[in-house]
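Notes follow once the structure below has been shown.
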Amino acid sequence: MRFHTRKWIKPEDLNPNGTLFGGQLLAWIDEELALYSIIQLENQRVVTKHMSEINFTSSAKQGDIIEIGIEVVKFGKTSLTLKCEVRNMMTRETIISIDTTTMVNLGEDGKPKAHGKTEIEFVKNRL
């Protein structure tokens with residue numbers, strides 16, 4: 001799994017218990033998965049269709065740094081299925097794992113569109 005993004009936990013990211021608010025973390029994850037899919041599929045029209053079970057196993061507190069990891073599970077005809085893990089860089093514990101998230105490639109009409117991709121491409125190889 002490749003870890004692409006780090007976030008620093010600030011006061012506005014906390015819940016009333018003083019730990020990372022799960023909703024904020026899910027928003028960061030959804031954004032990262034969308035950005036990753038947009039780059040892979042070379043299309044800005046990508047939406048989240050499905051997230052499998054979300055399993056919170058630990059948390060983070062103010063000042064901690066977390067990192068978001070993404071791995072491609074499979075390429076579908078119009079979709080990209082990804083796995084995600086977020087870990088606390090301070091404690092080295094996994095905070096959340098999501099086995100599958102399906103991102104769908106859309107055409108200009110807003111309907112699913114075949115993307116023609118079958119493997120991960122790195123931007124440096126496209127240039």
Q: Examine distances only and state if a side-chain atom of E93 and a backbone atom of S59 form a donor-acceptor pair shorter than 3.5 Å.
A: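 No: the side chain of E93 does not pair with the backbone of S59.
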Which pair of non-hydrogen atoms, one from [X] and one from [Y], has the smallest distance, and what is that distance?
| X | Y | answer |
| --- | --- | --- |
| F75 | H115 | CD2-CE1, 4.1 Å |
| K117 | E121 | NZ-OE1, 3.3 Å |
| S52 | I98 | OG-CG2, 3.9 Å |

Q) So with a 6.0 Å cut-off around CD of E12, is the heavy-atom count from everything else above 12? A) yes
Determine whether [X] and [Y] fall in the same hydrophobic cluster, where Ile, Leu, Val, Met, Phe, Trp and Tyr are linked whenever their side-chain heavy atoms lie under 4.5 Å apart.
| X | Y | result |
| --- | --- | --- |
| M51 | V72 | yes |
| M89 | W8 | yes |
| F56 | V86 | yes |

**Q.** Qualifying side-chain hydrogen bond (donor to acceptor under 3.5 Å, both in side chains) pairs with a residue from residues 73-87, counting only residues at least two apart or across chains
**A.**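 Residue pairs passing side-chain hydrogen bond (donor to acceptor under 3.5 Å, both in side chains), neighbours aside: E67-R87, E85-T94.
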How many angstroms lie between atom [atom1] of [X] and atom [atom2] of [Y], to the nearest 0.5 angstrom?
| X | Y | atom1 | atom2 | value |
| --- | --- | --- | --- | --- |
| I65 | T91 | CD1 | OG1 | 11.5 Å |
| T57 | I96 | OG1 | CD1 | 8.5 Å |
| I70 | F3 | CD1 | CZ | 10.0 Å |

Q) Who pairs with D13 by salt bridge (Lys or Arg N to Asp or Glu O under 4.0 Å), at least two apart in sequence or on another chain? A)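 Once residues adjacent in sequence are excluded, D13 has no partner under the salt bridge (Lys or Arg N to Asp or Glu O under 4.0 Å) criterion.
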Would you mind writing out the side-chain donor-acceptor pairs for residues 16-30 within the sub-3.5 Å range, not counting sequence neighbours?
residue, atom, partner, partner atom, Å
T19, OG1, N15, OD1, 3.3
T19, OG1, N15, ND2, 3.1
D30, OD1, T48, OG1, 2.5

Q: Could I get the full list of ring pair (Phe, Tyr, Trp, His ring centres under 6.0 Å) partners for H4, not counting sequence neighbours?
A: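 Testing H4 for ring pair (Phe, Tyr, Trp, His ring centres under 6.0 Å), a comparison that skips the adjacent residues, returns Y36.
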Quick one: side chains of residues 99-113, donor-acceptor pairs under 3.5 Å with protein atoms, not counting sequence neighbours, listed by atom name and distance.
residue, atom, partner, partner atom, Å
N105, OD1, N43, ND2, 2.8
N105, ND2, K113, O, 2.9
D109, OD1, K111, N, 3.0

Q: Kindly write out the residues that satisfy side-chain hydrogen bond (donor to acceptor under 3.5 Å, both in side chains) with T5, not counting sequence neighbours, or none if the list is empty.
A: E32
Q) Between L82, L35, L80, which is the residue that forms a side-chain contact (heavy atoms from CB on, under 4.5 Å) with Q40? A) L80
